[in-house]
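What you see is a predicted model, and the numbers here were worked out from it, not measured in a lab.
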Amino acid sequence: MKVNTQKDPEKIIWDHMRSPSSNLISGSQTRTLPKLMVWLILFVSVTYVVYTLKLVSASRACNNEPFTTNRHLSSTPSNNSLPLVRNHTSLAIPRGENQEPRLETGFQHIVFGIAASAKLWEQRQNYIKIWYKPQEMRGIVWLDDKVKNQEREDSNLPPIKISSDTSRFSYTNKQGHRSAIRISRIVSETLRLGLKNVRWFVMGDDDTFFIAENLVRILRKYDHNQYYYIGSLSESHLQNIFFSYGMAYGGGGFAISYPLAKALVKMQDRCIQRYPGLYGSDDRMQACMAELGVPLTKEVGFHQELDRRFCYCNVEGLDKESGETYLEIFLKCVFCNGVTDLAVCVASQYDVYGNLFGLLASHPVTPLVSLHHLDVVEPIFPNATRVQALQWLKVPMKLDSAGLMQQSICYDKSKRWTVSVSWGFAVQIFRGVFSPREIEMPSRTFLNWYRKADYTAYAFNTRPVSRNPCQKPFVFYLSKAKFDSSLNTTVSEYTRHHVPHPACRWKMPDPDKIETIVVHKKPDPHLWDRSPRRNCCRVMSTKKKGSVMVNVGVCRDGEISEVQV
């Protein structure tokens, strides 16, 4: 048999691996690798244990956590329908003695500081009586001097106090009045009274009309443990330029959180001394806020509307604190404004004047919080005094304060009419079809305080009053309102305001035959807990002659104010 001397390559490799030298190397590697793995695992384990022990020993107790997640959530109402956090701020401000339990902000947490003049108190106190609720609210009226019967406190008014002397402060503004210093210190003086359980200080004038329920709705959005300075601007673009776009105008009211008020009281007197040349109380307040580093949080529901001019030009003596004669007032007006027309001088004292219907009938989509200086314009309702007109607002305020003066826009397609509802105030019917973009702009029924200023002088868009005689709106003012418990609906009736209308040659139904408009609307106290959106309205069929029925409510899925052409 022939022997095959050629070895199989695989066998050669196998034999080589089985040789003594090969076994020695292999055995050495086999023993080394497990040792390395053991040491590696042991090192990682020891490192982990040491790091864990160090972390545990150095950690803080839970209640010393520097961030505010737990505290922020704890101040949130338990109602699941409300958002947990509306405004985030990184650091919490300790409240100390005023720490309160987890409660929604209400009237009991707000203190009003009301700036008033002794010479005007007899007239102005009637405005406060309309909105102030002595059984539910807290506030102080701060006067510059004693008034008659001050000792006999009126149960319908806040307590009266006299502001402290401010003669030590310098005031160098030649167009203003040094009472501005006194008024700017009202928040600080109110805080020094030591009232308990205070979250917000709200500043206003004696002729500021608050819709208090909406004020509470606004303040609930914000964390009262943080620094907040909340208010709005003037309606006059020129006023904002002259004073500031970052200032809360005091007549419309503004709110300061408790911690911010505590910070303010520590530095305000020094701050006031640094600004003797400023005009008013509100710009002094904003100057101190700037030093504290707190910007204005704007809420456009605070309505300045009618601000005092930086020249006091009222020959009827509305600014009686100055003690100036009519001639002195007139000369000051001429000096400031460069005008010689006395009528213009009188009118130019305010941001806007005249008829505020255009502003109120197209209110922005935000809660109506305040109105100011309504005693120097036409009453908001015709055939009524100014006080009576404001009292008339109390009816819709009680029924549905959240929806007060909120605008809805819809169309009567069969008649080609545009209908604008300012709930609780007025309804307008226009011949023809106007787009929502046009109708939501206020019509220019008012004038700017500066006679040479045109529509660009306002801090918002305005709509010119139409020159086409057919497009003059038919206006219906609120005449009565009630709550229908069987339908769970408010029923408000609006009566035609009869004024001359020019002849119209359009071949379309004439609204002149309409005398009343009936509006059905369900109360919606949670309107502002949702994202801002106008309510929708629908013109309903009715068999009653001379009447139009409208339903107002939350827009249905897919419902819009659609213009069909």
Checking [X] side chain against [Y] main chain: does a donor-acceptor pair fall under 3.5 Å?
X	Y	result
Tyr477	His497	no
Trp121	Asp206	no
Thr418	Phe434	yes
Thr490	Pro523	no

Heavy-atom closest pair, residues [X] and [Y]:
X	Y	value
Val369	Asn214	CG2-O, 4.3 Å
Pro158	Ile128	CD-CG2, 3.9 Å
Ser184	Met285	O-CE, 3.4 Å

Does the distance from a Lys or Arg side-chain N to an Asp or Glu carboxylate O, for [X] and [Y], drop under 4.0 Å?
X	Y	answer
Arg386	Asp207	no
Asp529	Arg217	no
Arg534	Glu440	yes

With a sphere of 6.0 Å drawn around NZ of Lys472, does it hold more than 12 non-hydrogen atoms of other residues, nucleotides or ligands? yes
Would you find more than 12 non-hydrogen atoms of other residues, nucleotides or ligands less than 6.0 Å from Trp392 atom CH2? no
For the atom pair CG (Asn468) and CZ (Arg431), what is the distance rounded to the nearest 0.5 Å? 9.0 Å
Could you walk me through whether His109 and Tyr258 pass the side chain to side chain contact (heavy atoms under 4.5 Å, CB included) check? CA-CA 10 Å; His109 301 118; Tyr258 181 87; over 6 Å; no
Non-hydrogen side-chain atoms of [X] and [Y] separated by less than 4.5 Å:
X	Y	value
Leu360	Leu368	no
Arg556	Arg538	yes
Glu189	Ser163	yes

Between Thr208 and Trp131, do the side chains contain a donor N or O and an acceptor N or O under 3.5 Å apart? no
Are Ser420 and Gln407 linked by a side-chain donor-acceptor pair shorter than 3.5 Å? yes
Sulfur-sulfur distance Cys410/Cys536 under 2.5 Å: no
Is the distance between the ring centroids of Phe425 and Phe381 under 6.0 Å? yes
Checking side chain to side chain contact (heavy atoms under 4.5 Å, CB included) between Leu215 and each of Phe112, Trp200, Phe107, which is the one that passes? Phe112
